[in-house]
Student: 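Dropping a structure here in structure tokens format, bear with me for questions.
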Amino acid sequence: MTYDGFPPFISAQLHYLINHFAHPVRVEQAWSGSKYSNTLDRFTLLIPYCLDTIKWDVIYNAEFPHAPPDIIFGPEDEDFHPFYNESGGEGDSRDQYMSYQRKRVGEVDDDRLKFEICTMLSREGIEMHMSSGVEKPEEVKFAVPLMDMNINKMVVGCPWRHPQKISLQVIYPVNRKYVSAPSAPHLKLMSTPALKSLFSVDDVKLPPWLDGMCMAEYLPHLEETLERQVSEAVSLIEVRRRFIEALAPLFGRPIETDSVFYRKSMFFVASGAFSFLVLFFLSTQFPKQQPSLMLQSSMIILGVQDGNIHKWLREHFDYPEKATGPCQLLFDSYDPTSIGSLHVAIHNAAA
């Protein structure tokens with residue numbers, strides 16, 4: 001985002017926060033606190049916390065921009081009063097907020113929660129959050145980082161600025177009375193958004209939560225499964241790369257390719273006056289999941305050009321998962337030199 005409209009000092013502070021904070025924070029909105037000026041001096045920050053987002057309003061004064069800002073926290077956090085450290089800023093406030101929430105959770109009168117906290121505190125990076133309100137039941141949320149694995153270093157040419165992580169969100173309802181058979185917590189596997197280019201946690205089936213189980217018993221098996229699947233996802237990068245390379249004898253060298261994850265490749269094909277693009281889209285599950293093929297051209301039959309771009313997406317075709325070579329996957333029953341059928345397909349898509 002741009003920082004136009006802020007006084008230079010506040011703009012510099014905001015720019016540094018957005019680009020150097022350990023977590024990817026965002027500005028939701030900005031406004032002016034003055035009735036007589038449009039100078040921006042306050043904004044709402046969206047800060048990742050406990051696999052969710054908290055909103056803090058940061059209030060500077062444009063007339064005294066070097067003064068420490070006020071910070072307005074959420075309605076459930078009226079007892080949170082951090083000490084503002086100018087060198088740490090909002091980053092230091094987040095650390096204090098994490099300690100504040102851990103203290104709140106530790107004071108909850110729930111035997112199962114107390115036991116879970118004792119067994120999980122040895123794990124690094126755990127965040128917790130106490131949620132309560134008139135219209136919703138009390139619950140405690142845990143964000144548990146999984147796997148001692150540096151995924152960034154496993155990917156050649158890694159484009160990620162922040163470390164890619166997989167975490168388990170665990171939500172316990174608060175039971176202030178003794179319950180002989182407490183219900184299983186709500187479990188949700190989550191990851192940093194950019195990781196989907198390599199591995200999607202949506203494809204992971206969580207192990208069942210057995211009666212009487214605690215997190216210390218549940219996590220090792222889950223982490224073992226995830227480590228194996230992430231390693232396999234990294235190895236599939238090379239499979240996709242070899243597939244794209246094997247297309248060169250049929251289509252020539254690609255004019256554009258995702259050179260990190262090899263999820264997409266584009267080729268230019270021409271036959272006489274008719275030309276079009278051939279795009280291949282490969283999922284993270286390739287070759288178990290077949291690729292998609294898109295034909296794209298600004299021409300229709302007889303070489304008539306109407307200025308529009310016409311697309312034809314083909315997601316279902318003969319695709320033997322086990323084949324003798326990458327090209328066989330697509331072209332066992334298709335003659336790639338027959339431009340006529342592709343020409344008609346483009347024409348039909350444009351009709």
Side-chain angles (χ1 to χ4, degrees), residues 16-26 46-54 88 90-92 94-95 97-99 101-102 116 119-129 141-170 187-207 215-244 257-264 282-289:
Y16 185 86
L17 175 67
I18 297 296
N19 291 281
H20 295 87
F21 191 46
H23 304 270
V25 299
R26 294 184 293 115
L46 301 182
I47 304 174
Y49 180 74
C50 208
L51 300 178
D52 209 332
T53 303
I54 53 177
E90 285 73 25
D92 182 67
R94 187 187 185 280
D95 292 339
Y97 183 77
M98 187 162 58
S99 300
Q101 284 292 345
R102 180 165 294 195
E116 293 285 15
T119 60
M120 287 195 295
L121 278 182
S122 59
R123 299 179 67 97
E124 293 186 3
I126 287 184
E127 295 180 351
M128 46 188 87
H129 183 267
K141 182 189 304 179
F142 292 92
V144 185
L146 301 174
M147 305 186 305
D148 185 17
M149 176 184 283
N150 190 329
I151 302 177
N152 292 45
K153 289 187 175 181
M154 298 171 68
V155 177
V156 178
C158 168
W160 299 316
R161 186 163 66 97
H162 295 283
Q164 297 305 299
K165 299 178 181 179
I166 299 176
S167 301
L168 184 67
Q169 186 182 73
V170 188
L187 305 174
K188 185 178 182 180
L189 202 60
M190 303 178 71
S191 72
T192 42
L195 186 61
K196 289 187 177 181
S197 299
L198 172 70
F199 176 76
S200 175
V201 295
D202 296 336
D203 298 326
V204 178
K205 184 178 180 181
L206 288 173
M215 289 303 299
E217 298 173 295
Y218 185 82
L219 294 177
H221 175 61
L222 174 59
E223 289 185 307
E224 181 181 341
T225 300
L226 285 173
E227 288 176 1
R228 183 176 65 253
Q229 293 184 359
V230 169
S231 296
E232 180 182 356
V234 173
S235 69
L236 289 178
I237 295 177
E238 177 64 14
V239 175
R240 295 192 292 271
R241 185 189 68 80
R242 292 200 308 267
F243 174 82
I244 291 174
T257 296
D258 167 13
S259 60
V260 177
F261 304 105
Y262 295 93
R263 297 279 307 279
K264 176 183 176 182
L282 311 178
S283 76
T284 57
Q285 298 296 309
F286 177 86
K288 292 181 180 179
Q289 187 176 92

Student: Do Tyr218 and Val170 have side-chain heavy atoms sitting under 4.5 Å apart?
Tutor: no
Student: For Trp160 and Val155, what are the C-alpha separation, side-chain angles and deciding distance, and is it a side chain to side chain contact (heavy atoms under 4.5 Å, CB included)?
Tutor: CA-CA 10 Å; Trp160 299 316; Val155 177; 4.0 Å; yes
Student: Decide yes or no for Ile244 and Leu282: does some side-chain heavy atom of the first lie under 4.5 Å from some side-chain heavy atom of the second?
Tutor: yes
Student: CZ of Phe261 to SG of Cys158: how many Å apart, nearest 0.5 Å?
Tutor: 6.5 Å
Student: Heavy atoms only: give me the nearest Leu195-Lys165 pair and the separation to one decimal.
Tutor: CD2-O, 4.3 Å
Student: Could you tell me whether a side-chain N or O of Arg263 sits under 3.5 Å from a main-chain N or O of Arg240, the two making a donor and an acceptor?
Tutor: no
Student: Which pair of non-hydrogen atoms, one from Pro145 and one from Ser167, has the smallest distance, and what is that distance?
Tutor: CA-OG, 3.7 Å
Student: Which atom names give the shortest non-hydrogen contact between Phe142 and Cys50, and what distance separates them?
Tutor: C-SG, 4.0 Å
Student: Heavy atoms only: give me the nearest Gln164-Thr192 pair and the separation to one decimal.
Tutor: OE1-OG1, 2.6 Å
Student: Going from OG1 on Thr257 to NZ on Lys264, what distance comes out if it is rounded to the nearest 0.5 angstrom?
Tutor: 10.0 Å
Student: How long is the straight-line distance from CD1 of Ile166 back to CZ of Phe199, given to the nearest 0.5 Å?
Tutor: 5.0 Å
Student: Look only at the side chain of Glu127 and the backbone of Ala143, and say whether a donor-acceptor pair between them is shorter than 3.5 Å.
Tutor: no
Student: Within this structure, what is the CG-NZ distance for the pair Leu222 and Lys205, rounded to the nearest 0.5 Å?
Tutor: 13.5 Å
Student: Can you tell me if Ser283 uses its side chain to pair, donor with acceptor, with the backbone of Gln285 under 3.5 Å?
Tutor: yes
Student: Taking the side chain as every heavy atom from C-beta outward, state whether Arg94 and Ile47 have any pair of such atoms under 4.5 Å apart.
Tutor: yes
Student: Evaluate whether atom CG of Asn150 has more than 12 neighbouring non-hydrogen atoms of other residues, nucleotides or ligands under 6.0 angstrom away.
Tutor: yes
Student: Do the ring planes of Tyr49 and His129 sit parallel (below 30°), tilted (30 to 60°) or perpendicular (above 60°)?
Tutor: perpendicular
Student: For the side chain of Gln229 and the backbone of Glu227, is there at least one donor-acceptor N/O pair under 3.5 Å apart?
Tutor: no
Student: Taking Arg102 for its side chain and Met128 for its backbone only, find out whether a donor-acceptor pair lies under 3.5 Å.
Tutor: no
Student: Starting at CE of Met215, measure out to CD1 of Ile126 and round the result to the nearest 0.5 Å.
Tutor: 8.0 Å
Student: Would you sort out whether Leu189 and Leu226 count as a side chain to side chain contact (heavy atoms under 4.5 Å, CB included), showing the intermediate values?
Tutor: CA-CA 11 Å; Leu189 202 60; Leu226 285 173; 3.9 Å; yes
Student: Which one of Ile151, Thr284, Leu236 satisfies the side-chain contact (heavy atoms from CB on, under 4.5 Å) criterion with Leu198?
Tutor: Ile151
Student: If you take all heavy atoms of Val144 and Leu219, which pair is closest and at what distance?
Tutor: CG1-CD1, 3.9 Å
Student: Which value, rounded to the nearest 0.5 Å, describes the distance between Thr225 atom OG1 and Arg228 atom CZ?
Tutor: 5.0 Å
Student: By salt bridge (charged side-chain N to carboxylate O under 4.0 Å, His left out), which residues pair with Glu223, not counting sequence neighbours?
Tutor: Arg123
Student: Ignoring hydrogens, what is the shortest heavy-atom contact between Gly157 and Val260? Give both atom names and the distance.
Tutor: O-CG2, 3.6 Å
